[in-house]
Amino acid sequence: MDVRIYSPINDVLHPENTIAFIVARVHVPSTGDILLDALRIVPCPGDPSHDSYDENAPNFQFPMVYGLGIVSSPHETLSNGSCAFSVALTEYVRDANQQSNVQCVIMSNYASCC
């Protein structure tokens, strides 16, 4: 994963190993690194060098992803009852419009689409 951050000249540098909530534009190429252009960064408070630092971080089981795209494949029911489908997305990342194809899975205990 490669994150590009636009930072004002007087912005504070975050210490190594800082955990942050990042809002970013993303491109997921078929090969290579996932590219993120950060729009907003909110670091978790505390000192990353302390052993207890991880305890202050939110416990997200899955990343939050928002996208506007077109469903590009029929949905299918997986063996565990979850629903899967592909979405084609276009986002302006690294100074160009980039197309990504993302496989979405809705867990069976959250919703049913199939």
Side-chain angles (χ1 to χ4, degrees):
M1 184 176 307
D2 183 16
V3 180
R4 181 166 71 172
I5 301 167
Y6 295 101
S7 182
I9 196 163
N10 295 329
D11 205 6
V12 176
L13 293 177
H14 301 296
E16 190 74 25
N17 298 318
T18 296
I19 298 171
F21 180 80
I22 300 175
V23 177
R25 293 186 180 115
V26 64
H27 171 53
V28 184
S30 56
T31 60
D33 290 338
I34 295 172
L35 306 175
L36 292 107
D37 281 354
L39 302 171
R40 181 83 170 113
I41 297 176
V42 180
C44 290
D47 184 349
S49 65
H50 287 182
D51 291 338
S52 62
Y53 178 67
D54 288 353
E55 295 171 10
N56 296 324
N59 187 16
F60 290 112
Q61 185 177 3
F62 303 105
M64 291 185 285
V65 177
Y66 300 92
L68 181 60
I70 299 169
V71 175
S72 57
S73 71
H75 62 266
E76 62 179 289
T77 303
L78 304 178
S79 60
N80 65 358
S82 298
C83 179
F85 54 93
S86 294
V87 176
L89 306 162
T90 301
E91 188 62 75
Y92 190 78
V93 178
R94 305 297 161 98
D95 305 319
N97 282 326
Q98 307 276 4
Q99 184 167 353
S100 301
N101 291 301
V102 180
Q103 180 77 23
C104 299
V105 177
I106 300 174
M107 306 300 282
S108 61
N109 53 339
Y110 291 109
S112 175
C113 67
C114 301

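Note that the coordinates shown come from a computational prediction; the quantities given were computed from them, not determined experimentally.
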Interatomic spacing from CG in D11 to CD1 in I9 - rounded to 0.5 Å: 11.0 Å

Joint cluster assignment, L89 & V71, ILVMFWY side-chain distance < 4.5 Å: yes

Where H75 and F85 come nearest, the two heavy atoms and their spacing: CA-CB, 4.0 Å

C44 side, atom SG; E55 side, atom CD - distance, nearest 0.5 Å: 13.0 Å

Residue pair Y6 / D95: nearest heavy atoms and the distance that separates them: OH-OD1, 4.3 Å

Verify same cluster id: Y92, L39 (apolar side-chain graph, 4.5 Å): no

Path from F60 to I22 over hydrophobic side-chain contacts below 4.5 Å: no

N/O donor-acceptor pair under 3.5 Å between S73 side chain and S86 backbone: yes

H27 versus Q98, closest heavy-atom pair with distance: ND1-CB, 3.3 Å

Close side-chain approach of S82 to V105, heavy-atom, < 4.5 Å: yes

Distance-minimising heavy-atom pair for D54 and I19: OD1-CD1, 3.5 Å

For the student: nearest non-hydrogen atoms of S72 and N101, plus distance: OG-OD1, 4.4 Å

Neighbour count >12 (heavy atoms, 6.0 Å) for atom CD, E16: no

Nearest-0.5 Å distance, CD1 of residue I34 to CE of residue M1: 5.0 Å

Cluster overlap I5 with L36, hydrophobic side-chain contacts below 4.5 Å: yes

Approximate separation, where rounding is to 0.5 Å, of N17 CG and H50 NE2: 13.0 Å

Non-hydrogen atoms of R94 and R4 that approach each other most closely: CA-NH2, 3.2 Å

Joint hydrophobic cluster, V3 plus V23, side-chain heavy atoms closer than 4.5 Å: no

pair V26-E91: side-chain heavy atoms closer than 4.5 Å: no

